[in-house]
Amino acid sequence: MERPHFDIVASGERMRQIRRQRNISVKQVMEYMGFESTQAVYKWEAGKCYPQADNLVALAILYHVSPMELLVEEDLVSSSTCLGCSIAA
């Protein structure tokens, strides 16, 4: 099995889209995460960096999605061959 690769910009766009669909403001995410500013959230959504694993899981819980739903794989063709595969921790 090949290691998945994720598109950081597309993943950031997806995080923004899901947040907006849920009518959650960046300030609400900041407060939920316990951050002192919105900078990290804007960096994630701009595709400048990924959230750390614990923050990705917390964000997924807030948005009521799985952590994998926040990420976009670079090669959708190869990932489609593994639909239904379980993700090992």
Side-chain angles (χ1 to χ4, degrees):
M1 182 185 323
E2 190 175 320
R3 177 191 180 278
H5 296 276
F6 300 98
D7 184 318
I8 193 168
V9 174
S11 295
E13 290 172 3
R14 179 171 288 168
M15 288 179 217
R16 180 184 306 114
Q17 179 184 36
I18 292 171
R19 177 182 58 76
R20 288 180 175 169
Q21 287 173 346
R22 305 290 189 273
N23 293 316
I24 299 172
S25 71
V26 172
K27 185 176 180 187
Q28 289 171 312
V29 175
M30 174 198 79
E31 291 170 351
Y32 171 79
M33 299 298 248
F35 297 158
E36 294 190 11
S37 79
T38 57
Q39 183 178 10
V41 180
Y42 283 120
K43 281 184 173 182
W44 300 338
E45 292 186 357
K48 295 184 187 275
C49 63
Y50 290 110
Q52 291 180 321
D54 59 336
N55 290 333
L56 184 69
V57 171
L59 199 61
I61 291 169
L62 176 64
Y63 294 168
H64 301 284
V65 298
S66 76
M68 289 301 295
E69 288 179 75
L70 297 173
L71 302 175
V72 177
E73 286 192 55
E74 284 182 357
D75 186 3
L76 297 177
V77 175
S78 68
S79 68
S80 67
T81 61
C82 191
L83 290 176
C85 294
S86 62
I87 298 170

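Between A60 and S66, the shortest heavy-atom contact is CB-C, 3.8 Å.
With sequence neighbours excluded, no residue forms a ring pair (Phe, Tyr, Trp, His ring centres under 6.0 Å) with Y42. Not a single side chain to side chain donor-acceptor pair (under 3.5 Å) links R16 to another residue, sequence neighbours left out. Under the rule for a salt bridge (charged side-chain N to carboxylate O under 4.0 Å, His left out), the partners of R19 that lie at least two apart in sequence or sit in another chain are E45.
Atom CD1 in I61 sits 10.0 Å away from atom CG in L56 (nearest 0.5 Å).
Heavy-atom neighbours of Q52 CD from other residues, nucleotides or ligands within 6.0 Å: at or below the threshold of 12.
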Verdict with supporting geometry, Y50 and L71, side-chain contact (heavy atoms from CB on, under 4.5 Å): CA-CA 9 Å; Y50 290 110; L71 302 175; 4.0 Å; yes

Steps toward side-chain contact (heavy atoms from CB on, under 4.5 Å) verdict (R22, V65): CA-CA 11 Å; R22 305 290 189 273; V65 298; 3.2 Å; yes

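A donor-acceptor pair under 3.5 Å is absent between the side-chain atoms of R14 and the main chain of L70, judged by distance alone.
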What donor-acceptor contacts under 3.5 angstrom involve side-chain atoms of residues 32-41, with partners at least two apart or in another chain?
{"unit_1": "Y32", "atom_1": "OH", "unit_2": "A58", "atom_2": "O", "d": "3.2"}
{"unit_1": "S37", "atom_1": "OG", "unit_2": "Q39", "atom_2": "N", "d": "3.3"}

Enumerate donor-acceptor pairs with a distance under 3.5 Å from any side-chain N or O in residues 24-31 to protein atoms, sequence neighbours excluded.
{"unit_1": "S25", "atom_1": "OG", "unit_2": "K27", "atom_2": "N", "d": "3.4"}
{"unit_1": "S25", "atom_1": "OG", "unit_2": "Q28", "atom_2": "N", "d": "3.0"}
{"unit_1": "S25", "atom_1": "OG", "unit_2": "Q28", "atom_2": "OE1", "d": "3.4"}
{"unit_1": "Q28", "atom_1": "OE1", "unit_2": "S25", "atom_2": "N", "d": "2.7"}

Under 3.5 Å, side-chain donor or acceptor atoms of residues 5-13 against the rest of the protein: list the pairs with distances, not counting sequence neighbours.
{"unit_1": "H5", "atom_1": "ND1", "unit_2": "R3", "atom_2": "NH1", "d": "3.2"}
{"unit_1": "D7", "atom_1": "OD1", "unit_2": "V9", "atom_2": "N", "d": "3.0"}
{"unit_1": "D7", "atom_1": "OD1", "unit_2": "A10", "atom_2": "N", "d": "2.9"}
{"unit_1": "S11", "atom_1": "OG", "unit_2": "D7", "atom_2": "O", "d": "2.7"}
{"unit_1": "S11", "atom_1": "OG", "unit_2": "V72", "atom_2": "N", "d": "2.8"}

